[in-house]
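Have a look at the structure below, then the notes.
Since the model is a prediction, treat every value here as computed from it, not as a measurement.
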Amino acid sequence: MRHLRSLVAPVYLMIAVGLGFVATLGATVLAFQGVGGRSGLSFSLPIILYLFVVAIGTDYNILMIARLREEARAGNDPRTSAALAIQHAGPSVAAAGLILAGTFTSMLFAGVSFLTEMGFAVSVGIVLSAFVMSLFLVPGLTAMLGHAAWWPGHGDATRSDPSATPSPAMEAGSEAAPAH
């Protein structure tokens with residue numbers, strides 16, 4: 001990701017999106033085959049689910065990681081950065097997730113088997129992406145990894161005073177961060 005200029009963060013962001021997809025597919029199989037007693041799911045459901053959950057999950061993770069990076073660049077320690085990112089970006093991600101999941105939930109009442117499966121699966125996937133992956137997993141992993149999450153990074157580990165003027169090397173490699 002050019003915005004992050006990191007090799008580590010994109011890796012765990014992709015893993016988070018993949019885990020969200022697998023968890024959503026598993027929950028859908030459990031709901032329709034395990035609890036619902038169906039013999040299987042529609043063959044095209046995993047493809048459609050992949051398209052929606054990966055795209056939406058990626059968007060939500062980008063919103064969260066951009067805010068995490070902004071807070072780290074401001075000189076905050078990793079845990080404080082995670083808390084501030086959740087505080088500032090979390091409501092937007094949560095609202096978007098609830099609205100979109102609610103929209104797809106309406107498909108549960110279509111009366112068509114495929115639309116019911118798709119409505120359930122995409123709704124669950126969006127909720128998992130927004131609330132579990134973007135609001136808990138990504139900030140949690142970023143806080144646990146600390147400054148290593150931004151490797152090779154922009155030198156946020158060396159900036160302890162957010163009002164300090166960045167060195168020319170830092171300024172040349174970074175983009176202007178928006179004001180709070």
Give a yes or no on whether F43 and L115 share a hydrophobic cluster (residues Ile, Leu, Val, Met, Phe, Trp, Tyr; joining criterion: side-chain heavy atoms under 4.5 Å apart). no
Same hydrophobic cluster for M118 and F21, using side-chain heavy-atom links shorter than 4.5 Å among ILVMFWY? yes
Closest non-hydrogen atom pair between M133 and P139, with its separation: O-CD, 4.2 Å
Are V138 and Y60 close enough that some pair of their side-chain heavy atoms sits under 4.5 Å apart? no
May I ask whether V11 and M144 are part of the same hydrophobic cluster, defined by side-chain heavy atoms of I, L, V, M, F, W, Y residues being less than 4.5 angstrom apart, directly or through others? yes
Are the side chain of S134 and the backbone N or O of S129 linked by a donor-acceptor pair below 3.5 Å? yes
Would you name the heavy atoms of L41 and Q33 that are closest together and state the gap between them? CG-OE1, 4.2 Å
State plainly whether one hydrophobic cluster holds both L45 and L108, where clusters connect Ile, Leu, Val, Met, Phe, Trp and Tyr through side-chain heavy atoms under 4.5 angstrom apart. yes
Of all heavy-atom pairs between G119 and M107, which one has the smallest distance, and what is that distance? CA-CB, 3.8 Å
With heavy-atom distances below 4.5 Å as the criterion, would you say the side chains of F136 and I86 are in contact? no
Considering only NZ, NE, NH1 and NH2 on the basic side and carboxylate oxygens on the acidic side, decide whether E70 and R73 come within less than 4.0 Å. no
Measure from the side-chain N and O atoms of E71 to the backbone N and O of N76, and report whether any donor-acceptor pair falls under 3.5 Å. no
Side chain to side chain contact (heavy atoms under 4.5 Å, CB included) partner of T58, chosen from V17, L63, V53: V17
For the CZ atom on F114, are there more than 12 heavy atoms of other groups (residues, nucleotides or ligands in this structure) within a distance under 6.0 Å? yes
Residue pair S6 / R69, side-chain donor-acceptor N/O under 3.5 Å: no
Under a plain distance cut-off of 3.5 Å, with no hydrogens placed, do T80 and D77 share a side-chain donor-acceptor pair? yes
Atom pair OG1 (T105) and CG (L98), whose distance is rounded to the nearest 0.5 Å: 9.5 Å
Are L51 and M14 in one and the same hydrophobic cluster, where Ile, Leu, Val, Met, Phe, Trp and Tyr link if side-chain heavy atoms are under 4.5 Å apart? no
Mind listing the closest non-hydrogen atom pair of L68 and S81 along with its distance? CD2-O, 3.8 Å
Looking only at heavy atoms, what is the nearest atom pair of R38 and S113, with distance? NH1-OG, 3.1 Å
Would you check if the side chain of T24 reaches a backbone N or O of A121 as a donor-acceptor pair within less than 3.5 Å? no
Working to the nearest 0.5 angstrom, can you tell me the gap between L25 CG and Y50 OH? 12.5 Å
Atom pair CG/OH of L145 and Y12 - distance to nearest 0.5 Å: 5.5 Å
To the nearest 0.5 Å, tell me how far F52 CZ sits from L100 CG. 8.0 Å
Determine whether V8 and W150 make a side-chain contact, defined as any pair of heavy atoms from C-beta on separated by less than 4.5 Å. no
Rounded at 0.5 Å granularity, tell me how far CG in L13 sits from CD1 in I65. 4.5 Å
Could you report the tightest heavy-atom contact between T142 and A149, atom names first, then the distance? CG2-CB, 4.2 Å
dist I99:CD1 -> I126:CD1 (nearest 0.5 Å) comes out at 11.5 Å
Taking the six-membered ring for Trp, are the ring centroids of F32 and F120 within less than 6.0 Å of each other? yes
